[in-house]
Amino acid sequence: MGYVAVKGGAAAIDNAAIFALHRRAGGPSSPLETAQIREQLHFAVDRVMGEGSLYAPDLAALAFKQAAGDTFEAAFILRAYRTTLPRLGYSQPIATDGMRAIRRISAAFKEIPGGQILGPTADYSLRLLNFDLQEESPERTQQMIAQLLKEIPHAKPLPRRFPKVVAMLRREGLLIARKPVAGNNGDPADVTRQALSFPAPRSARLQTLARGETGGLLALAYSNMRGYGSIHPVIGELRVGFLPVLFKNPINGLLESIGEILVTEAEVIARIGDDQGPAMFSLGYGLCFGHNETKAIAMAVLDRAMSGQAPEVPSEDQEFVLTHVDGIESMGFCNHYKLPHYVTFQSELDRLRKIQNDPRPEEDTCP
Amino acid sequence: MDEGMHRNQKNYRRLLDAMSCPGRIVRLEIPDGHASIGAALAVGQCLLDSEVSVCVIGNGDAPALQSTLAAVTHVRTAPLAKADFIFICAGQSLGGARLAWRGRSEAPEEGATLVYCHDFVRTGSSDHLRIRLSGPGIARQEGIVPEMSGIPLEEFRELLAVNADYPLGVDVFFVRPNGEVMGLARATRIQVR
Amino acid sequence: MPLTTAMPTQPNLPSTHWRAGMPSARKRYSYAFLDEGAKREIRRKLLKAVAIPGCQVSFGSREMPIARGWGTGGLQLTLSLIGPDDVLKVIDQGSDDSVNAVNIKKFVRNVTGVPLTTDTRVATLIQTRHRIPEEPLHANQLLVFQVPIPEPLRLVEPSERKTRRMHAEADYSRMWLYLYEDIVRFNEITVGARYPVMVNGRHLMDPSPIPRWDVARLNQSEALLLFCAGREKRIYAIPAHTDVEPLSFEDFAFRVENFHGHCCSRCGCAGSFLDEVIVDESGRRTFICSDTAYCEKMRRRGAAADAAQEENR
């Protein structure tokens with residue numbers, strides 16, 4: 001009898017958790033502070049907030065630390081925390097043209113009213129390993145920032161609001177009219193309260209994409225751009241900036257700003273369509289928490305791709321896209337295959353042996 | 001807060017018993033200080049909040065129940081034909097049940113829940129002996145007599161008609177002021193003899 | 001509305017309180033983890049699921065601190081149902097001690113303080129993955145199944161929109177066709193676990209990946225059977241005393257797993273679902289009960305009988 005039943009699971013789990021802690025924090029380097037993660041690994045924090053569906057930079061930084069840099073895991077931890085929070089109310093819709101932008105570009109026009117604002121981006125820098133960062137000198141960093149700020153006063157201050165590029169196209173009658181995003185009852189759908197049903201209202205589509213996993217969105221959007229689809233997007237406008245969160249004061253009924261969130265917004269102009277009436281451009285929309293341009297653009301492309309009537313490729317099929325982009329779900333299901341499946345397997349074995357006419361396994365007789 | 005939370009949990013388990021064993025009586029724990037609507041309120045506290053809508057119809061207690069439910073649970077109000085929950089402060093819905101939303105064929109679960117809040121009299125009428133309930137949750141193939149007496153025969157006939165298009169339909173709780181509850185699922189087969 | 005707060009309202013809780021004995025960080029969570037609004041939604045949906053046996057009811061599934069696909073559906077049902085009067089049992093593949101079952105149990109105990117048991121007869125609430133306990137259940141027990149794929153028609157149709165329509169019309173012809181083609185090709189129905197069943201003569205249902213051995217035991221059960229898929233956001237149920245029939249043909253009847261007369265090498269029992277275990281590299285096999293608590297009970301019973309016999313001698 002060489003078999004010992006799997007006992008002592010509790011102790012094994014406890015030990016495994018301590019091994020994981022050892023792996024993350026057992027080395028000689030000093031522990032990461034969450035403030036360091038929040039400031040210096042801000043793209044990771046933003047990604048975790050977006051996929052975790054909770055705007056909480058400090059908690060996202062903590063989750064990222066706890067997950068030792070695994071964004072799937074960090075977003076998952078943040079979402080599980082989100083489950084425990086009561087919903088105190090609903091913020092008001094915000095018009096994004098009032099965004100306090102830190103970056104704003106259009107690929108459709110060379111010059112746009114308000115100007116092209118590059119802001120913080122590594123788009124045009126050479127991707128060479130910067131060995132200076134190995135021994136980063138705070139003095140040198142401060143010096144460079146001081147130099148930049150010294151030159152900035154000569155530039156004009158940014159306007160308080162930028163006109164929307166797509167609004168100008170819309171005024172000219174070049175864009176297909178906006179369709180309402182709400183569900184049947186006029187309110188936006190809420191995918192965290194109501195499971196998706198298909199066809200999903202656009203509000204449910206956009207919410208699902210906004211919570212989607214960046215890599216998953218990118219893969220599907222890329223398939224469309226590359227050839228399994230026909231969206232050849234032009235970025236009408238891409239913005240990164242801060243939006244106020246407006247909340248109706250329950251006592252005096254007045255709108256109040258209760259804080260700001262950093263978001264990325266992309267509006268892509270896609271091929272000419274003439275589905276309904278005269279030929280016009282159509283628009284895809286993407287918006288996500290934090291600074292994540294890849295995600296916002298991919299989201300906008302998928303939004304546009306799913307707006308057609310008869311899907312011909314996977315990225316145009318809203319059921320296909322929306323049920324597969326959630327990182328917490330796909331990662332969970334992928335990993336659940338690590339759980340034991342021996343009962344299921346036994347059942348399959350029985351079927352196969354039956355089909356192969358019962359070659360019985362070598363036997364161990366009953367006691 | 002914990003006390004209300006645990007009461008809701010206990011009461012919910014009894015409502016679940018009632019719905020899964022149609023025709024049997026369970027007993028709810030009633031919150032203090034709400035006179036005759038206490039039992040109806042106990043059901044409301046278990047199941048209602050701002051995510052769903054209610055319509056309260058019927059006699060005497062209806063306005064009081066409506067305002068108490070709204071104040072305690074923040075439930076939205078809706079017209080009869082659109083409400084998720086219909087509280088009927090009477091022994092009969094007088095046609096109200098027929099107007100209730102029965103769900104869509106792709107989502108029959110959207111059908112309304114009817115909650116009759118009435119002092120169905122214990123004795124006096126033997127009408128319930130003419131009813132046979134059978135189907136899921138009921139052990140005897142030949143069916144059982146509903147444990148709660150005093151529900152008018154016409155109302156059973158009414159529910160039979162409303163639920164004729166299974167799985168579309170409504171699900172029902174009969175609630176006595178003393179906290180006794182009997183459930184009828186739409187899958188319950190009703191025979192009137 | 002009674003809102004749950006993230007922080008405890010009383011700083012010094014009495015030791016009998018459910019929060020007592022939890023690590024300090026856990027005190028930040030409310031009773032049974034889910035906020036009351038989430039529980040209410042699940043409770044409402046579950047009543048509908050019970051009223052329409054076998055019909056999949058969609059719900060706003062919440063993220064849980066265990067991963068999607070690891071029993072988040074079952075866990076959400078358990079947490080919405082559980083109260084101080086309950087005794088909880090959790091099994092995974094029949095075992096009380098497998099890592100996932102232990103993990104789930106530990107979590108539920110930490111957020112509720114309910115007592116745990118491995119004894120099927122003592123439990124009021126049983127959460128399970130892929131098995132039904134061998135000992136018969138009774139009327140006051142709830143059995144909560146973890147479900148990976150709630151849609152039985154997914155085997156023949158990937159689109160949710162289309163499968164919804166098929167359920168609405170009770171059009172299960174493609175499932176029948178699938179089984180028929182199976183027979184033509186293999187002279188046998190090849191579906192192992194997750195065998196599709198017809199509930200109350202109306203809804204085709206996925207019983208979760210339980211073996212066919214357990215599928216047969218869904219029919220006219222004494223206990224209320226509850227199913228929940230967290231990732232796919234569906235709840236469904238089978239009340240006690242409900243007709244549950246596995247799909248089968250007159251000439252190709254539904255059959256449970258055949259253990260060819262083997263019995264459990266630990267307890268000697270011959271009437272339970274067995275796990276086949278490879279003993280050595282030559283491929284020699286032995287068999288043991290999949291339900292570990294039942295096996296232990298049978299073993300003790302056997303030992304007691306032996307002892308009694310010894311004494312009588």
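Chain letters run A, B, ... following the sequence lines, proteins first, then strands; residues in each count from 1.
Side-chain contact between A:Gln194 and C:Ser58: absent, with no pair of heavy atoms (C-beta onward) separated by less than 4.5 Å. The shortest side-chain heavy-atom distance between C:Glu160 and A:Thr323 does not fall under the 4.5 Å cut-off. When side chains are defined from C-beta on, A:Pro340 counts as touching C:Asp92, because their heavy atoms get closer than 4.5 Å. Proximity of A:Val343 to C:Asp275: side-chain heavy atoms (C-beta onward) are separated by under 4.5 Å at one or more points. No side-chain heavy atom of A:Asp350 sits under 4.5 Å from any side-chain heavy atom of C:Phe259. By the 4.5 Å heavy-atom criterion applied to side chains, A:Arg193 and C:Arg62 are counted as neighbours.
Distance alone, capped at 3.5 Å, is enough to place a donor-acceptor pair between the A:Ser347 side chain and the C:Gly192 backbone.
One finds the OH atom of A:Tyr81 at 15.0 Å from the CD atom of C:Glu63 (value rounded to the nearest 0.5 Å).
For the residue pair C:Arg231 and A:Glu329, the shortest heavy atom distance occurs at CD-O, 3.5 Å. A:Lys354 and C:Arg255 get closest at one heavy-atom pair: NZ-NH1, 3.9 Å. Annotation for C:Asp35 and A:Leu85: closest pair OD1-O, 4.2 Å, computed over non-hydrogen atoms. Of all the heavy atoms in C:Trp70 and A:Asn335, the pair that sits closest is CZ2-O, 3.2 Å. Minimum interatomic distance between A:Ala195 and C:Arg234 (heavy atoms only, all atoms of both residues): CB-NH1, 3.8 Å. Heavy atoms only, all atoms of each residue included: C:Val191 and A:Arg351 are closest at O-CD, 3.4 Å.
Only the backbone of A:Thr192 comes within less than 4.5 Å of a heavy atom in chain C; its side chain stays farther off. Both the backbone and the side chain of C:Glu257 come within less than 4.5 Å of a heavy atom in chain A. Looking at C:Phe33, both its backbone and its side chain come within 4.5 Å of chain A, counting heavy atoms on both sides. Only the side chain of A:Phe76 has a heavy atom closer than 4.5 Å to any heavy atom of chain C.
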- Task: Please assess A:Phe333 against C:Ile149 for the test side chain to side chain contact (heavy atoms under 4.5 Å, CB included), listing each intermediate value before the final yes or no.
- Result: CA-CA 10 Å; A:Phe333 201 55; C:Ile149 301 169; 4.3 Å; yes

- Test side chain to side chain contact (heavy atoms under 4.5 Å, CB included) applied to C:Phe273 and A:Gln346, step by step: CA-CA 10 Å; C:Phe273 186 83; A:Gln346 188 70 53; 3.9 Å; yes

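In summary, the side chains of C:Arg129 and A:His336 do not present any donor paired with an acceptor at a separation below 3.5 Å, with no hydrogens or angles considered.
Counting heavy-atom pairs closer than 4.5 Å to chain A, the top-ranked of the candidates C:Lys233, C:Glu41, C:Arg161 is C:Arg161. For the set C:Glu188, C:Gln93, C:Arg68, the count of heavy-atom pairs under 4.5 angstrom toward chain A peaks at C:Gln93.
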